[in-house]
Amino acid sequence: MILTILTCTILILLYLKMRRTYKYWRNLNVVYVRPWPLFGYMAPSVLRLKAFPMILQKVYNVFPEQRYFGAYQFGTPVLFIRSPNLIKKILSDDFATFPDRRIIMEANVDPLWAKNLHAMQGGNHWHNLRTALSLGLTDNHLSKMFESMKTCAKNFAYFFLDTNTESIELLDVTSKFVNDVIASTVFGVSYNSLENSRNDFYLMSKDITKFNLMKVIKLFGFSKFEMLKFRIIEERTNQFYKHVVENASPHQENHLVRILIKNGIGYDGIGDTETDKDVLDEAVAQGIHFLISGFETVFIGLSFLVYELAINANIQEKLRQEVDAISELCKDLSYGQIGKMQYLDMVVSESLRKWPPTVLIDRKSVKPFTIEAEKVWDTTTTFNENTICLIPSFAIHRDKKYYPNPDEFDPERFSPLNRQKIKPNTYIPFGFGPRNCIGFQFALLEIKTAVFHLLSEFEIVSTDKTKNPIKLSTSGFQLSPAGGIWVGLKPRRPLDTL
Ligand code: HEM
């Protein structure tokens with residue numbers, strides 16, 4: 001009896017609170033998506049009725065004429081941004097008003113997570129750290145890291161020469177390739193995870209980047225409670241990577257953590273650290289965050305790209321001709337050459353347009369801001385401090401106003417001539433402005449190196465298991481195919497000639 005009364009009271013209180021919250025956009029006179037009770041626009045995702053990227057697309061299309069509109073993410077009002085001009089204002093021009101992302105974990109609850117460039121509030125600490133990390137990703141450093149990437153890409157392609165390749169699941173194999181690239185370029189250790197998928201490094205990468213239900217509950221439900229000691233990055237994870245760096249071969253010098261240590265990185269940026277231990281701690285923390293940012297994004301992006309090549313044989317053939325032309329020129333691919341492969345760049349750009357691994361970019365305002373009326377029927381609206389703005393990249397990339405036949409895979413959209421015709425601020429797989437993806441060149445290089453070596457050895461083909469069109473998974477909040485992505489690989493040369 002007492003339990004029933006208690007439950008009813010809690011539900012009534014929750015309902016009354018939500019009713020008040022759900023008046024937020026109406027009170028501001030902003031058009032909004034009608035919320036489902038408790039979950040807002042997220043209900044179809046929570047109930048697993050629809051894949052999250054498709055929900056974003058549906059919500060985005062509710063108000064085709066609006067530059068922005070309101071919605072509720074669970075109980076939080078969020079402002080969806082549709083207009084390319086407003087996207088520019090928020091991501092770049094008005095950076096002083098929108099320097100932050102929303103906080104998903106308080107710094108006192110998870111101090112290691114708080115060191116993350118992604119999570120950090122956009123003040124001086126963030127700025128200094130970003131400058132320090134950028135120095136580890138200069139063209140000069142990338143060209144050296146490229147040599148390790150190439151070794152991993154060769155291991156990746158050669159592995160399939162000895163395997164049954166009639167039907168392979170791409171997410172599984174590309175995650176192993178990306179793991180090995182991060183292990184060598186960020187931490188200075190070599191693995192071949194396709195040969196040995198039980199290695200500690202790969203198991204740990206999968207563990208810390210997996211955002212399962214428990215982690216999501218921790219993040220969104222209990223992240224404010226320090227006493228519960230919920231962390232995204234556990235101390236044992238930190239110790240694991242520290243141990244990896246301490247035991248890395250001194251001959252492997254060109255990895256990011258070593259570069260950061262050499263530069264004397266500290267929480268306040270270069271040269272501001274007290275002791276060698278602080279420097280090591282900080283460099284390892286940044287290495288872990290690069291792993292979190294650059295693991296799933298890259299292997300998902302790479303998998304969708306390989307899939308598109310499998311189902312678009314003519315595009316694959318044209319790309320193969322470019323690959324073969326380079327291979328004929330010299331035996332080993334160089335950093336300079338890969339940067340000049342124009343068709344490869346077009347194919348990768350189109351793949352990240354159609355399948356952007358980060359489907360949503362967010363910003364939080366640190367002061368009130370005003371969006372001026374543009375049309376006669378428009379109104380000028382002033383928004384409060386702490387307004388969360390959401391930029392739905394996936395939906396923008398699939399808007400037929402900017403990309404005719406958006407579901408078609410057409411690299412010609414990114415030919416040098418056509419690229420100039422793309423409406424500015426509508427191609428945002430890596431965001432843009434001061435807080436864009438710091439690893440975008442690294443990611444592009446990694447994806448291109450893998451594709452180059454794969455196409456040198458194999459023709460990528462559809463199999464009975466290849467789904468066309470692909471179905472996205474309804475679980476999670478990322479771009480993820482339901483049931484994996486399956487293709488076949490046919491060796492281009494008889495095996496005995498290799
Ligand atoms: C295809 C792969 C990748 C995609 C699609 C991607 C996408 C993104 C996007 C959309 C953002 C947010 C940008 C914004 O808010 O304006 C971001 C931020 C970030 N990315 Fe990436 N990323 C990729 C790979 C990587 C890699 C390989 C690394 C590290 C080596 C990395 C490190 C970061 C970091 C540290 C940030 C936060 C930057 C800041 O707040 O200053 N990303 N990424």
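In listed order, ligands and their atoms are each counted from 1. Owing to the predicted nature of the structure, the values given are computational and were not obtained by experimental measurement. In this chain, residues are counted from 1 in sequence order.
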**OP:** Within a distance under 4.0 Å of any heavy atom of R435, pick out the atoms of ligand 1 and give their elements.
**Re:** 13 (C), 14 (C), 15 (O), 16 (O), 39 (C), 40 (O), 41 (O)

Original post:
Is the side chain of K354 donor-acceptor paired with the backbone N or O of P406 at a distance under 3.5 Å, no angle test?
Top reply: no

Original post:
Under 2.8 Å from atom 21 (Fe) of ligand 1, which protein atoms of type N, O or S occur, listed by chain and number?
Top reply: C437 SG

Original post:
Looking at F442, which atoms of ligand 1 are within less than 4.0 Å of one of its heavy atoms?
Top reply: 27 (C)

Original post:
With atoms numbered from 1 as shown, which atoms in ligand 1 lie under 4.0 angstrom from a non-hydrogen atom of P357?
Top reply: 5 (C)

Subject >> ligand 1 N/O within reach of R130 N/O, cut-off under 3.5 Å >> reply: yes

Subject >> Those residues that, when tested against F52, pass ring pair (Phe, Tyr, Trp, His ring centres under 6.0 Å) (two or more places apart) >> reply: F477

Subject >> Pair listing, side-chain hydrogen bond (donor to acceptor under 3.5 Å, both in side chains) test, anchored in residues 336-346, at least two apart >> reply: S334-Q337, D345-R419, D345-K448

Original post:
With sequence neighbours left out, which residue pairs that include part of residues 120-149 fulfil the salt bridge (charged side-chain N to carboxylate O under 4.0 Å, His left out) condition?
Top reply: E147-K150

Original post:
Under the 3.5 angstrom rule, does the side chain of Q316 hit a backbone N or O of L309 as a donor-acceptor pair?
Top reply: yes

**OP:** Check ligand 1 against I361 and write out every atom of the ligand that is under 4.0 Å from a heavy-atom position of the residue.
**Re:** 14 (C), 15 (O), 16 (O)

Subject >> R353 NZ/CZ over F414 ring centroid, <6.0 Å and within 45° of normal >> reply: no

Subject >> Non-hydrogen atom of F295 closer than 4.0 Å to ligand 1 >> reply: no

Subject >> Structural part of R101 in contact with ligand 1, heavy atom criterion under 4.0 angstrom >> reply: side chain

**OP:** Enumerate the atoms of ligand 1 whose separation from the nearest heavy atom of P429 is less than 4.0 angstrom.
**Re:** 5 (C), 7 (C), 10 (C)

Original post:
Under a 4.0 Å heavy-atom limit, does R363 contact ligand 1 with its side chain, its backbone, both, or neither?
Top reply: side chain

